[in-house]
Undergrad: 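Structure below; questions to follow.
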Amino acid sequence: MLFPFYEDLSTVRVNTMPNRAYYIPCSPNASTDQKTDNPRVLMLNGTWNFRFFESVSQFTFSPDCFDKLPVPSNWQMHGYDNHQYTNVLYPIPFNPPYVPKKNPCALYERTFSIKKDADFSYFVNFEGVDSCHYLYINDQFVGYSQVSHSTAEYDVSAFLKDGENKISVVVLKWCDGTYVEDQDKLRMSGIFRDVYLLSRPSRHIQNYRVKTSITGETANVLVITEDTCSDLLKTITLKDQAGNVLHQVTTTGTSVSFELEAPHLWTAETPYLYTLELTAENERIIDRVGVREICVKDKVVYVNGKKVKFKGVNRHDSYTDTGYVASMEQIRHDLTMMKQHNINAIRTSHYPNRPEFYKLCDQYGFYIIDECDIEAHGQVNTTAEYDSDGYAQISDNPDWELTIVDRLERLVSRDMNRPCVVIWSLGNESGFGYCFKQGIKRIRQMDNSRLIHYESTIVTREKEKDETYEGIDFESVMYPSFEWIDSFFARENETRPLILCEFAHAMGNGPGSLEDYYDIIYAHDDFCGAFVWEWCDHTVLMGEKNGKKMYGYGGDFGEFPHDGNFCMDGLVYPDRTPHTGLLELKNAARPAHITYRDGALIVKNKLDFQNLNDVLYLHWTLEQNGEEIASGTIESVDVLPGETTSIPVSLPETHGARVYLTVSQRAKASTALVSSGHEFGFDQINLSTCDAPVSVKTEGAPLTVEDDDAFITIKNDSFCYRFSKEAGTFCHMEVGGTVLLDRPMEYDLYRAPTDNDRNIKLRWKEEGFDRVIPYTYPITTETGDHCVKICCPMSLCVISRANLAELNTVWTVYESGAVHISAQTKVRDTVSWLPRFGLRMFVNNAFDRCRYFAHGPQESYVDKHIGSRKGVYENRVADLHEDYIFPQENGSHYDAEFVSLTNGAQTLTAQSCRPFSFNASPYTREVLESCMHNYEITESGYTVLTLDYAMSGVGSNSCGPELPERYRLSEKEFTLDFTLTIE
Ligand code: GAL
Ligand code: MG
């Protein structure tokens, strides 16, 4: 029998050590803060005996047999129990503090040997166990703890013997803590972070606190220790980054203060770290110290007295092959990618990360919003109707005070000494009330040197007009519309800086508008930044099919309830390949903004601390028609943070159309995570002096025209085109013996819905955009100069609905084989905005290579092209497909001048009198829409080319505002104009 702590709100821990800052001690002659290669640390990671029980009622300490399980891991990743992805809804009945009787659990067991030393004490540490655990040493109960993402430390000295010892851990899937760990994630269990035994001299420093302050040109480093005895003699040393000793004090006192002249300050841009050594008895603790200050003054956030912007992302511990287990390599890889994509801030959504994560952030320079392991979102749905008053059940209920306050204490104690942590976050989506007020008071007692963040006051704000939310430093919101942001800055009674703890929901094809958001952030000093939701797609790698990885998401595990693919909303795929949205974010957050005027580059420094000259040089290229005419490098970019400087550049004179100046920002030198030459971003400036005309060769052999009931056939000795009177488009095109088309072209108003179309698509389907039926009126032909014209007035109809659009189409076929279409279009006034308006062609799939002049090389949309450059690109059609795990519209190219498809011998080219969008793909939108996973999609047998008058933007409405008006195709009258040539 287990003690019933797991259903008891008054027991969150039993026999654990008091909370302390994270550190790893070593021996006095060593100098490491690492767990490995450190004789004072016995890692207990590795293979454990493991026995899984479907229900805690079946649990026994002496099962008939054991399996083996690696630690750390999640047992669901090893075939036990079941995966489940749920967002808001609780995975269990709402019956707090009780959890289901059928509560899966497991017994972990292993042995280890020690040489017990009488002068030493021994501490077992668990850095993360979901959801709670009972610890036994040599079959004796030691203690209990919950809070999945926090450290539990136990003094096991009295339980250990010399030689071999047995450690047993019982882990339960659910406990009363489950009600406050309702984060939007795959729900997994087990010992998922490091387990180790520390050997420490019995007399030691139990905890210490480093406080830094800056006054003018000096700084103070204050070190306060909590010792296990009052006469502990300690030597405390502060060294600079080069290892020079700056100060050293030997004392039995518990506080030491060091003055630093001309200190090196820590910022995310300049992460300078001093080294602190605390040596006592037979032990040394090594830590890093960053000298920095954060504060809010007049609604503006300052770091070291300078205004800052958080260019942030939300990051979960989520790996497709290891679940919650984040190795140092995996974390370093995430941080490297973030640095390389100009991200300077991370919200550890929605729980503390493993302790070493913060050390890396100190080292590499990231601002951290350290979030507490609290989310009680499911409370809003306990009555089957969304009700934000439901939050009061926990958050405003004193029975939960201990749960909430304990979690905050654990967060703050563990990470208190980390300079990267600039903000504490009370948790996520749990409402507000009594327990959080107590929590804020507690944090303020423990640490008054950081800011406090909490978003979920939003739910009580409307109702409780007198509530001041004392202690909370930000006005934090998620996913606001631009209108909301404008209204915020128009209000005069706002007293806090605005922060978007989540925005730009990066689900599927999106997010749009990143540069728009960044423009607003930069425009307001009291807008300190925003954190994209979220860093990575959450999935479980389930195998391979059709040559692709099978990534599982909600519903793929037969679970109830589940939230489908809502877990795949990251800037990177599960394997960390960037989504195209990450490239958008990268350029939106680029260090400099550059324009060109009168022989000079106007360079604005968007960094907060560094002169651009210390970071980057510029490389420019001048291109016309996609060909480089000139290029140059500017080494000296002397621009102070926030300032604008004009830097002369001598460009050759250019005239005419399609002239672009691209200025790329490149790393001057290699730094920890960035190699020299790395491109931080770019600006592209259109220097064209006129529009690009479309010129077509018209002459060729004389044309013959055959007109019957069904078709109009136009041909000469080099081609034969057949126009379908039913479709109102060409249904067959043959050139030089090659069949180019054998299916009618179609007017297309629809796209495979993106995740961000999940709401509007219901309307689109009601309107019938996906089932347009052409209706043609009497068609006439006339002969012109080297051409034949087909005039085909027509309607686009839908069963049960009034016509979507009336079209006056004129098709001109030239002797040369060129075809021009002009479709004057009038969309019915009452029709909603359109996903697109285009002409879809099912081209012979031998035309499998593509060349285009548009935004590329990655997909681009009217609201998502800041990360792509306009230029001429060549690619296989198959490679234009962006393989979203949940198939959807993808691979469009915005602002196109031309696109051509070739089979090697012949080339089909489309141009327009105005820039357009296009897709070229082996897949139809129908197949993309009908499949749930990328490994299910099948090629159509064609190169599907859609030439769009316009393609609407993608936005971020999967969880965020509707697509802004300016990015919708809502024009009611326009002309689709394309010229097709085949050469
Ligand atoms: C937010 C929440 C996140 C995530 C997101 C949707 O409301 O804080 O955890 O659920 O919505 O992807
Ligand atoms: Mg939530």
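Just so you know, ligand 1 is whichever comes first in the structure, and atom 1 is the first atom listed for that ligand.
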Undergrad: Regarding ligand 1, does Asn428 bring an N or O atom to under 3.5 Å of one of the ligand's N or O atoms?
TA: yes

Undergrad: Mind checking whether Met478 contacts ligand 1 via backbone (N, CA, C, O), side chain (CB onward), both or neither, at a 4.0 Å heavy-atom cut-off?
TA: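 For Met478, only side-chain atoms sit under 4.0 Å from ligand 1.
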
Undergrad: Side chains of Tyr351 and Asp370: is there a donor and an acceptor less than 3.5 Å apart?
TA: no

Undergrad: Once you restrict to heavy atoms under 4.0 Å, what part of His350 touches ligand 1? Side chain, backbone, both or neither.
TA: side chain

Undergrad: Ignoring hydrogens and geometry beyond distance, is a side-chain donor-acceptor pair present between His933 and Asp556 at under 3.5 Å?
TA: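 Per modelled atom types, His933 and Asp556 side chains form a pair under 3.5 Å.
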
Undergrad: Within less than 2.8 Å of the Mg ion (ligand 2), any N, O or S from Glu429?
TA: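 Checking Glu429: at least one N, O or S atom is under 2.8 Å.
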
Undergrad: Which is it for Val88 and ligand 1 at heavy atoms under 4.0 Å: side chain, backbone, both or neither?
TA: neither

Undergrad: Kindly say whether Thr403 contributes a backbone atom to a donor-acceptor pair with the side chain of Asp406 at under 3.5 angstrom?
TA: no

Undergrad: Using a strict 4.0 Å cut-off to heavy atoms of His505, name the atoms of ligand 1 that fall inside it.
TA: 6 (C), 12 (O)

Undergrad: Applying a 4.0 Å heavy-atom criterion (strictly less than), which segment of Asn314 is in contact with ligand 1: side chain, backbone, both, or neither?
TA: neither

Undergrad: Identify whether the distance between the nearest side-chain nitrogen and carboxylate oxygen of Asp447 and Arg450 falls below 4.0 Å.
TA: yes

Undergrad: Residue-level breakdown please: for Glu502 versus ligand 1, do any non-hydrogen atoms fall below 4.0 Å on the side chain, on the backbone, on both, or on neither?
TA: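 Contact part for Glu502 vs ligand 1: side chain (C-beta onward).
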
Undergrad: Please identify which atoms of ligand 1 are closer than 4.0 Å to at least one heavy atom of Asp569.
TA: 12 (O)

Undergrad: Just do the ring pair (Phe, Tyr, Trp, His ring centres under 6.0 Å) check on Trp75 and His83 with the steps written out, would you?
TA: CA-CA 10 Å; Trp75 67 56; His83 281 295; over 10 Å; no

Undergrad: Please determine if the Mg ion (ligand 2) has an N/O/S atom from His350 lying under 2.8 Å away.
TA: no

